[in-house]
Visitor: 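Please read through the structure below; I'll follow up with questions.
In what follows, chains are A, B, ... by sequence order, proteins preceding strands, each numbered from 1.
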Amino acid sequence: MSVNVSQEVLYDFKTIEQKWQDKWLSQATYKVSTDSDKEKYYVLEMFPYPSGRIHMGHVRNYSIGDVVARYKRFRGFNVLHPMGWDSFGLPAENAAIKNNTHPARWTYDNIDYMRHQLRQLGLSYDWEREVATCNPKYYKWEQQIFLEMYEKGLVYQKATTVNWCESCHTVLANEQVIEGTCWRCDELVEARNMTGWFFKITDYAEELLDDLDKLGGWPDKVVTMQRNWIGKSTGLQCDFPVADSDEKLSIFTTRPDTIFGVTFMSIAPEHPLLKSLLKDNPREQEIRDFTARIISEKQQQSNVDLTEKEGIATGHYCINPFNGDKIPIFVANFVLMSYGTGAVMAVPAHDQRDFEFAKKYNLAIKPVVIPDGADLSKTDMEEASVLPGILSDSGAFTGTESETAKQQIIDFARSQNIGDAHITYRLRDWGISRQRYWGAPIPMIQCETCGVQPVPVDQLPVTLPEDRESQKSDCAPLHQRSAFYETSCPKCGGKAKRETDTMDTFVESSWYFARYASPRFTDSPLDKEKASHWLPVDQYIGGVEHAILHLLYSRFFTKVLRDLGYLDIDEPFTNLLTQGMVIKDGSKMSKSKGNVVDPNDLITEYGADTTRLFSLFAAPPEKDLEWNAKGVEGCYRFLNRIFRFVQAYSEKIIAGTNVESNNLNSAERELHRKTHQTIKKVTNNIEQNFHFNTAISAVMELFNTLSSLNSDKKKDELGNAVIREAVDSLLVLLCPMVPHFCAELWSTIHAEGAIDDEHWPQWDEEAAKEDELTIVIQVRGKVRSRLQVPADIDDASLEAMALKDENALKFIDGKAIKKIIVVKKKLVNIVV
RNA sequence: GCCCGAAUGGCGGAACUGGUAGACGCAAGGGACUUAAAAUCCCUCGGUCUUAUGGCUGUGCGAGUUCGAUUCUCGCUUCGGGCACCA
């Protein structure tokens, strides 16, 4: 029987993709519920901000997620795979002003368009669970969580120095300041004093740190970044009495072992003690001018550049409680009020900053920790010595090893009631107040008589004010809208004012993954039963740019929701995959560089399947992906070749029965073996590390084997059964990547049953075994010859064969054989 | 400055636990088909020497361990990422 494979037909992806998308939608193929005997699997990709249209980064992220979802379904899991919209945020306001539309209108239009785009990609979401965070039905529950946190003391208001972005007209959290600039618009951030609401994330600092150890399924890199961000330091907090005064200066140090080397004190310009130090101070004006200048410099420069160390003596002294030394107190520009106590004991001999400062102002440098073999006495030091060593000049502690001395000195401070062990974190509380319109209102009320009052839960949601014409742009912040903020006190009924700040949009994304478990639940933020069924997320996928921001906040919220009784897990995301960027011509795609690839164009020209296939094939997910238009064509060619083959061979495939593995000719055995090897390879690639690129190349190899066996002289030896087995397997293996394509071809060769109802193929280890092996023969570690041998050969005969091999003999050249190394099924190395 | 990570053909990338470097794809070159082109199919494809069998060389650089190193150790170089007065 001869079959013609048409050489010219290109498969009609447009019709095929439309057909299957319609089917999946109308039949709600990917809808899930908890009533299933199957084990649950929750795969989630970071939901997008509805900026207008999807970009290649989304395509990549969601293609990866969809492969995981479809693969796990084939493996028999009950897969939750939802999608939604992180739909509050600044761009909506800017766009609304620009286009004279309303942020809500702009946002919902974008959502409609982008949902359409995601459907065009054939992503297998349960669309019935879709959420949009700007919907009052979503943020109502966020407000309720806020209130419950407030009741637990996890929310508080304070006036403090905040990060202000002038271009965004709002405050930013510490995590949102990237190298001194705004995470969203790159504008330089300035310092301002403002009142705002804070989440007490620092209450969870220790647990957030400890539980990092539970995140074995996260990239080490992300765990390390979080660990550094939390920045735990242990040391001594200790009081230094101010000379001729009742006041004390409290310091924190991680080097209590150097406490005998303190030669001065540095305090932050904002330090509260400064006020009393200035009283009756002859140099009051000079000091005031200095601190004012430093504070304003700090505000302008933010934390971009390291400025030179600068300070001024206050004329006051304090007493080192350990040795009675009288030491001068300086105001210094490098001391941060927001870390530790805002005051530092300065040990210039053992701290580089203090060293530079001491050099500049000619202050004493007193070495007290002498590293092994070093001589720090008297000689001019070039830099601070930070190594451990033996204490000298340290009273009763002289001669002690510095690590031991740390604890002894802490113990001593405690016994004298002047200090104790202390832990300090770099992590600060999360400032969530934003002075913008398009965000979730903070449900608090300020009463003239009763003070701050929470909005009663039954009055939620506090919704954003609608405009007279909601089509029109009016993005005035809430503090400019009296109709919004004028209200009455829930306690006394008197005149009161609503909080006019809205919440940081990172609050919405800190719990959306839990809401997906019960997205329409109307009794409380989460249906506990559903949440405990689905959570934690088994596999979370998104960009590494959220390594700290979103992922830290979500971990915090998970712990808070647990403590509020909504969740019974400690960590939200068991496994995390951080995918690389999509780049072109060596750099990130951007409008300014003019190297943007629009997914729409690709879908129109090649279809969703090809687009997905290339974005999975070109690189492993965690690496950056270099976009290559020619590479896309290669993937398209690959799909076309399969399509033509299956069409041409459909009769044979349909006629194929089950493979009888003990009754195969050599061509059949070769294809049968390759099929099972491919199943094994693809399965392992996906299971181990989601390396779809190598999984796809394995399927390409299988197809190459299939088509070459068919084109050459062995053509007539191939029975229908092995062809059918190869094609059936190939289609299921490829289905997670190119679902429409495989569904269509499957339907042409199977009268009944959709590919979605199939099981993942299982490989047969026997069938996958090679019956011949290539053994490498080395002489002195260099490859000299190769042998084809039966797979079951034993080491002794292998060795014998190697010693008889002509090529090997040439290189042995009659020399004495020292040693022969035989590696099973791999090689023989003859050492002469 | 400190802490991570990476470096393999013209390109994207592969290589199990130390055991055939370059799978798969792209590009390039040659051929078949065609009046021609496109499409499709076949062949070649790290460098170098050689008529060829084949030899030598080759995974950023330099050492080391080993019968054997892309893989392990040490020291560099370059690039990328994170943190950056955190006391």
Side-chain angles (χ1 to χ4, degrees), chain A residues 5-10 178-180 219-222 224-229 231-233 235 251-255 258 266 303-309 332-336 338-347 350-354 356-357 424-428 544-545 547-548 614 617-620 623-635 637-638 640-641 644 681 684 688 691 693-701 703-704 707-708 711-712 774-786 807 810 818-832:
Chain A
V5 177
S6 160
Q7 297 189 345
E8 287 173 27
V9 180
L10 294 176
I178 313 293
E179 286 182 358
D220 292 344
K221 185 182 155 179
V222 175
T224 306
M225 281 167 70
Q226 293 219 352
R227 181 166 288 126
N228 293 338
W229 187 265
K232 179 179 179 176
S233 300
I251 58 95
F252 171 73
T253 180
T254 55
R255 292 293 306 273
T258 65
S266 311
N303 45 4
V304 219
D305 279 319
L306 300 184
T307 47
E308 202 190 320
K309 311 248 173 317
N333 67 339
F334 62 90
V335 179
L336 306 174
S338 51
Y339 182 80
T341 60
V344 185
M345 65 172 216
V347 187
H350 303 295
D351 181 284
Q352 188 56 27
R353 293 156 304 184
D354 297 341
E356 287 169 29
F357 194 87
T424 302
Y425 298 93
R426 211 189 76 108
L427 181 72
R428 312 285 154 77
V544 73
E545 65 273 17
I548 294 173
F614 180 74
F617 176 63
K623 282 189 66 169
D624 285 349
L625 183 155
E626 172 74 33
W627 196 263
N628 177 340
K630 292 285 189 185
V632 180
E633 274 178 49
C635 287
R637 270 201 293 270
F638 172 60
N640 273 304
R641 286 169 65 207
R644 288 192 295 263
K681 178 114 199 283
N684 288 340
Q688 281 161 18
H691 277 198
N693 56 332
T694 49
I696 293 166
S697 65
V699 177
M700 285 173 167
E701 281 189 56
F703 183 73
N704 289 347
S707 60
S708 72
S711 60
D712 68 21
T774 307
I775 299 295
V776 168
I777 299 176
Q778 296 182 333
V779 179
R780 289 184 56 209
K782 292 202 169 193
V783 180
R784 295 303 179 187
S785 184
R786 291 179 171 89
N807 266 314
K810 220 162 72 185
K818 266 194 200 160
K819 195 171 164 190
I820 296 175
I821 293 146
V822 181
V823 180
K824 244 185 176 28
K825 296 179 175 185
K826 286 270 161 64
L827 59 74
V828 181
N829 189 5
I830 303 165
V831 188
V832 295

Visitor: Which part of the nucleic acid, if any, lies within contact of A/Asn693, taking any heavy atom under 4.0 Å across all strands shown: a base, the sugar-phosphate backbone alone, or nothing?
Guide: sugar-phosphate
Visitor: Would you measure the distance from the P atom in B/U78 across to the matching atom in B/A28 and give it in whole Å?
Guide: 35 Å
Visitor: P atom, B/G1 versus B/G13: distance in rounded Å?
Guide: 30 Å
Visitor: Take atom C1' in B/U70 and the same atom in B/C33, then report the distance between them in whole Å.
Guide: 43 Å
Visitor: Would you classify A/Glu701 as touching base, sugar-phosphate or nothing, given that sugar-phosphate means primed atoms plus P, OP1 and OP2, and contacts are heavy atoms under 4.0 Å?
Guide: sugar-phosphate
Visitor: Working to the nearest 0.5 angstrom, can you tell me the gap between A/Ser266 OG and A/Asn333 CG?
Guide: 9.5 Å
Visitor: Among B/G13, B/A87, B/G19, which is the nearest nucleotide to the side chain of A/Thr254?
Guide: B/A87
Visitor: Rounded to the nearest 0.5 Å, how far apart are CZ of A/Phe614 and NZ of A/Lys630?
Guide: 12.5 Å
Visitor: Mapping A/Lys630 and A/Ala619 to their closest nucleotides on RNA chain B, which lands nearer the 5' end?
Guide: A/Ala619
Visitor: Is the NZ or CZ atom of A/Lys232 positioned over A/Tyr425's six-membered ring, under 6.0 angstrom from the centre and within 45° of the axis?
Guide: no
Visitor: Please pick, from B/G13, B/G12, B/A87, the nucleotide with the shortest atom-to-atom distance to any side-chain atom of A/Val335.
Guide: B/A87
Visitor: Name the closest nucleotide to the A/Lys309 side chain, picking from B/C85, B/G55, B/G13.
Guide: B/C85
Visitor: Look up atom OG1 in A/Thr694 and atom CD in A/Glu701, then write down how far apart they are to the nearest 0.5 Å.
Guide: 10.5 Å
Visitor: Mind calculating the distance between NZ (A/Lys818) and C1' (B/C67) to the nearest angstrom?
Guide: 9 Å
Visitor: Considering only side-chain heavy atoms of A/Asn628, which listed nucleotide, B/U20, B/C26, B/C24, is closest?
Guide: B/C26
Visitor: Kindly point out which of B/C67, B/A14, B/A87 is positioned nearest to the side chain of A/Thr694?
Guide: B/A14
Visitor: Name the closest nucleotide to the A/Phe252 side chain, picking from B/A23, B/G55, B/A87.
Guide: B/A87
Visitor: Taking atom types as modelled, find out whether A/Asn704 and A/Arg641 have a side-chain donor-acceptor pair closer than 3.5 angstrom.
Guide: yes
Visitor: What about A/Phe638 and A/Phe617, are their ring centers closer than 6.0 Å?
Guide: no
Visitor: Compare side-chain N and O positions of A/Thr424 against OP1 and OP2 of B/A87 and report whether any pair is under 4.0 Å apart.
Guide: no
Visitor: Grab the CG-P distance between A/Asp351 and B/A87 for me, whole Å please.
Guide: 9 Å
Visitor: Using a 90° cut-off around 0 for syn, call B/G82 syn or anti.
Guide: anti
Visitor: Side chain of A/Lys221 only, please: which of B/A87, B/C67, B/G81 is the nearest?
Guide: B/G81
Visitor: To the nearest Å, how far apart are A/Ile696 CD1 and B/A23 C1'?
Guide: 14 Å
Visitor: What's the shortest heavy-atom distance between A/Ala619 and A/Asp624, and which atoms?
Guide: CB-O, 3.7 Å
Visitor: Contact class for A/Val831 vs. all strands (heavy atom < 4.0 Å): base, sugar-phosphate, or nothing?
Guide: sugar-phosphate
Visitor: May I have the distance from A/Met700 (atom CE) to B/G12 (atom P), rounded to whole angstrom?
Guide: 17 Å
Visitor: When you compare B/C11 with B/G75, how far apart are their P atoms, in angstrom units rounded to a whole number?
Guide: 31 Å
Visitor: Which residue in the set A/Val779, A/Ile830, A/Asn829 passes side chain to side chain contact (heavy atoms under 4.5 Å, CB included) when paired with A/Arg784?
Guide: A/Val779
Visitor: So which atom in A/Ala547 and which in A/Gln226 form the shortest heavy-atom distance, rounded to 0.1 Å?
Guide: O-NE2, 2.8 Å
Visitor: Please confirm whether the shortest side-chain N or O distance from A/Arg227 to OP1 or OP2 of B/G82 is below 4.0 Å.
Guide: no
Visitor: Side chain of A/Val783 only, heavy atoms from C-beta on: which candidate in B/C83, B/A21, B/G12 is closest?
Guide: B/A21
Visitor: A/Lys623 NZ to B/G81 C1': how many Å, rounded?
Guide: 14 Å
Visitor: For the base of B/G1, is there a side-chain donor-acceptor partner from A/Gln352 under 3.5 Å away?
Guide: no
Visitor: Measure from CZ on A/Arg255 to C1' on B/A87 and round the result to the nearest Å.
Guide: 11 Å
Visitor: Looking only at side-chain N and O atoms, does A/Lys782 come under 4.0 Å of OP1 or OP2 in B/U57?
Guide: yes
Visitor: Tell me the interatomic distance from A/Glu633, atom CD, to B/C26, atom P, rounded to whole angstroms.
Guide: 10 Å
Visitor: What nucleotide, of B/C24, B/C26, B/G12, holds the atom closest to the side chain of A/Glu626?
Guide: B/G12
Visitor: Could you give the NE2-to-P distance, from A/His691 to B/A15, as a whole number of Å?
Guide: 8 Å
Visitor: Once you apply a heavy-atom cut-off of 4.0 Å, does A/Asp624 come out as touching a base, just sugar-phosphate, or nothing?
Guide: sugar-phosphate
Visitor: If the cut-off is 4.0 Å, is A/Arg637 near the phosphate of B/C26, judged by side-chain N/O to OP1 or OP2?
Guide: yes
Visitor: Closest nucleotide of RNA chain B for A/Ala343 versus for A/Leu827: which of these residues is on the 5' side?
Guide: A/Leu827
Visitor: Examine distances only and state if a side-chain atom of A/Arg786 and a backbone atom of A/Val776 form a donor-acceptor pair shorter than 3.5 Å.
Guide: no
Visitor: Taking the same atom, P, in B/C24 and in B/C74, what whole-Å distance lies between them?
Guide: 36 Å
Visitor: Let's test your reading of the pairing rules: Watson-Crick or G-U wobble, both distances under 3.5 Å, then write RNA chain B as a dot-bracket string with ( ), [ ], | and dots.
Guide: (((((((..(((......[....))).(((((.......))))).((((....))))..(((((..]....))))))))))))....
Visitor: Between A/Asn807 and B/U53, is there a contact of a side-chain N or O with OP1 or OP2 at under 4.0 Å?
Guide: no
Visitor: In whole angstrom, give me the gap between the C1' atoms of B/G62 and B/U77.
Guide: 10 Å
Visitor: Could you tell me whether a side-chain N or O of A/Arg428 sits under 3.5 Å from a main-chain N or O of A/Arg426, the two making a donor and an acceptor?
Guide: yes
Visitor: Name the nucleic acid region contacted by A/Gly231, choosing base, sugar-phosphate or nothing; use a 4.0 angstrom heavy-atom cut-off, strictly under.
Guide: nothing
Visitor: What interatomic distance, in whole Å, is found between C1' of B/U73 and the corresponding atom of B/C85?
Guide: 36 Å
Visitor: Taking the side chain of A/Arg644 as its heavy atoms from C-beta onward, which of B/C26, B/C56, B/C41 lies nearest to it?
Guide: B/C41
Visitor: Using the P atom on both, measure B/G55 against B/A21 and round to a whole Å.
Guide: 12 Å
